[in-house]
**Q** 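This is the structure I have questions about; it appears just below.
Everything numeric here is computed off the predicted structure, so don't read it as measured data.
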Amino acid sequence: MTQPTPPGSTPGRTPGLFAEDRSAESSRLGEILRKETVGGVILVIAAAIAVIWANTPFADSYYALRDFQIGPEALHLHLSLGQWSSDGLLAIFFFLVGLELKREFVAGELRKFSKAIVPVSAAIGGVVVPALIYLAINLADPEALNGWAIPTATDIAFAVAVLAIVGSRLPSALRIFLLTLAVVDDLIAIAIIAFVYTSEIQFVPLLLALLPLALYTVLAQRFRRFFGQHQAAAWLILLPIALTVWALIHASGIHATVAGVLLGFAIPVIRSKASGGPDAGPGLSEIFEHRFRPISTGFAVPVFAFFAAGVTIGGIDGFTTALSSPVTIGVIAALVLGKPIGILLTTWVTTRATRAELDPSIRWIDLTGVALLGGIGFTVSLLVAELSFGLGSVHDDDAKVAILVASVLAALLAIAVLRPRNRHYAKAQNAEGAADR
């Protein structure tokens, strides 16, 4: 792949010293932000700042910032900063989800039914069982029932970050299982957002959105080599079209993050024959993911977490009151218990009822740790909570407390299971290395 000309330089000339420094520094920063552990840490820090700020004497300034409105009224885009983060910035995250989903379907684990059936079934079980547990706990409150989808999502960035920190020696198949499960989980969550949380659809802007989306798709497919080699071209040509698609879908009443998924699906995964075919290197989908991952990890998702996670708990008494809410109990039980139960039970049934098998390197105790990681329902769960109850409502605040508590509990339980297993595999690998010598 041809490298883009470094900033501050012109083609055919050696860039100046400071241009080289800026380019190198930008590259180093980008590589840091692409690391799963870094993304998870930034996410936690952003959420922690929001929770701390919202529980200080300066809480009013936090809510004033979150509710500050900006944007053109004529285009129905006069939104609060909180709305811009959930409708706008989070679309970048879902664009990357769309890229991952398509790559999995075209060239990844989801391409082969025999390999995909177990994690796909596990993902479905990890959606259905938590929803049923939440509904059972909140049957007495019709309004609370609207939050049934909150515990169905797994935060792929957070979960994979925890696995990367504690599971460096775990079988690689375990990570692939978690990624596939989380990707399918995201696909289900996207469908829920699109079809369940859309109260009224405006068909004119929705139909109009198909025109720029078709243009975007044709350009990305027809000129994939051009956009892969010239980074600025994507910003100058594809980005304005993508923003038009996003604005029209937002105006249609469908949550605008769906636009990110559709735009991600439009990007080709495999290189064209003119570019050397699939064996000549990464396709445009992988190139775009490499380019835009730092923006999502370092800015879009943390800003969303900052505006979404802030909730005034009200000290110990307020925290105790929140924990006694059926919404809070339902979300915590569904994420911490329902997720692993659904994942493990469905995996067991699938492997017993069909010819599908787990990878030979995966043990059930290892899978239990990964199933517990599925209970980390951070980013998408916070979004679904807002869509379910409305930003700042009592149920929304209770749900946020539950999501934060459940995600921490799920991570700690997963670490308790996976850390000893990681030591076990480390000893086995060291013993093998000693025997070979």
Side-chain angles (χ1 to χ4, degrees), residues 29-54 62 65-66 79-101 150 152-165 178-179 182-183 185-187 189-190 193 239 242 246 250 255-261 263-264 288-311 335 373-387 391 399-400 403-404 406-408 410-411:
L29 180 60
E31 289 304 320
I32 291 172
L33 291 174
R34 289 183 188 98
K35 292 181 178 179
E36 294 151 348
T37 52
V38 174
V41 169
I42 294 175
L43 193 62
V44 171
I45 291 173
I49 291 173
V51 172
I52 293 170
W53 190 351
Y62 169 80
L65 178 64
R66 186 194 68 183
L79 309 174
S80 69
L81 292 181
Q83 289 175 309
W84 274 112
S85 70
S86 63
D87 291 8
L89 290 180
L90 211 56
I92 300 173
F93 168 78
F94 277 96
F95 172 74
L96 290 170
V97 170
L99 293 178
E100 290 181 31
L101 281 170
I150 295 171
T152 61
T154 296
D155 191 299
I156 186 170
F158 204 159
V160 173
V162 174
L163 185 64
I165 292 171
L178 175 61
L179 285 172
V183 164
D185 199 306
D186 280 341
L187 179 60
I190 291 161
I193 290 170
L239 180 59
W246 175 86
H250 182 275
H255 198 270
T257 52
V258 175
V261 179
L263 293 166
F288 273 15
E289 183 179 355
H290 187 78
R291 288 179 185 172
F292 300 127
R293 176 70 65 184
I295 300 173
S296 175
T297 301
F299 180 69
V301 175
V303 170
F304 165 76
F306 171 77
F307 285 118
V311 53
L335 283 173
L373 284 176
I376 302 176
F378 198 77
T379 306
V380 180
S381 290
L382 288 171
L383 173 62
V384 175
E386 289 184 11
L387 296 176
L391 187 64
K400 286 179 179 178
I403 292 165
L404 295 173
S407 296
V408 172

**Q** Can you tell me how far apart CZ (Phe95) and CD (Glu100) are? Round to the nearest 0.5 Å.
**A**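 Here the rounded value is 11.0 Å.
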
**Q** Going by heavy atoms in the side chains, are Asp87 and Thr257 under 4.5 Å from each other?
**A**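 A side-chain contact is absent here, since even the closest heavy-atom pair is not under 4.5 Å.
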
**Q** So Trp84 and Phe307, side-chain contact (heavy atoms from CB on, under 4.5 Å) or not? Walk me through it.
**A** CA-CA 10 Å; Trp84 274 112; Phe307 285 118; over 6 Å; no

**Q** Quick one: does Leu101's side chain get under 4.5 Å of Ile190's, heavy atoms only?
**A** yes

**Q** Using a 4.5 Å cut-off on heavy atoms from C-beta on, say whether the side chain of Ile193 contacts that of Leu387.
**A**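 A side-chain contact under 4.5 Å exists here.
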
**Q** Indicate the atoms forming the closest heavy-atom contact of Phe93 with Val380, along with that distance.
**A** CE2-CG2, 4.2 Å

**Q** With the side chain counted from C-beta on, respond yes when Tyr62 and Val51 share a heavy-atom pair under 4.5 Å apart, and no when they do not.
**A** no

**Q** Got a second to check how far Ser86's OG is from Leu382's CG, nearest 0.5 Å?
**A** 11.0 Å

**Q** Give the minimum heavy-atom separation between Gly374 and Thr154, together with the two atoms involved.
**A** O-OG1, 2.9 Å

**Q** Rounded to the nearest 0.5 Å, how far apart are CG of Leu90 and OG1 of Thr379?
**A** 7.0 Å

**Q** If you look at every heavy atom in Ile92 and Ser296, which pair is closest and at what distance?
**A**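 Between these two residues, the closest heavy atoms are CG2-CB, 4.2 Å.
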
**Q** With a 4.5 Å heavy-atom cut-off, do His250 and Leu79 have their side chains touching?
**A**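 A side-chain contact under 4.5 Å exists here.
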
**Q** I want to check something: taking the side chain as every heavy atom from C-beta on, are Val301 and Phe378 in contact at a cut-off of under 4.5 Å?
**A**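 Val301 does not reach Phe378 side chain to side chain.
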
**Q** Are any of the side-chain heavy atoms of Leu96 and Phe288 separated by less than 4.5 Å?
**A** no

**Q** Show your reasoning for whether side-chain contact (heavy atoms from CB on, under 4.5 Å) applies to Phe299 and Ile42.
**A** CA-CA 9 Å; Phe299 180 69; Ile42 294 175; over 6 Å; no

**Q** Show the nearest heavy-atom pair for residues Ala305 and Ala46, with the distance to one decimal.
**A**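 For Ala305 versus Ala46, the nearest heavy atoms are CB-CB, 4.4 Å.
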
**Q** Quick check on side-chain contact (heavy atoms from CB on, under 4.5 Å): which of Ile376, Leu178, Asp155 does Val162 satisfy it with?
**A** Ile376

**Q** Could you state the interatomic distance from CD (Glu386) to OG (Ser85), rounded to the nearest 0.5 Å?
**A** 7.0 Å

**Q** Minimum heavy-atom separation for Leu404 and Ala309, please, with both atom names.
**A**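 The pair with the smallest heavy-atom distance is CD1-O, 4.1 Å.
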
**Q** If you round to the nearest 0.5 Å, how far is CG of Leu383 from CD1 of Ile403?
**A** 9.5 Å

**Q** Taking Val41 as the fixed residue, which of Val44, Ile45, Leu43 is the one that meets the side-chain contact (heavy atoms from CB on, under 4.5 Å) rule?
**A** Ile45

**Q** To the nearest 0.5 Å, tell me how far Phe94 CZ sits from His255 NE2.
**A**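 Here the rounded value is 8.0 Å.
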
**Q** Specify the closest pair of heavy atoms between Gly377 and Ser407, including all atoms of both residues, with the distance to one decimal.
**A** N-OG, 3.5 Å

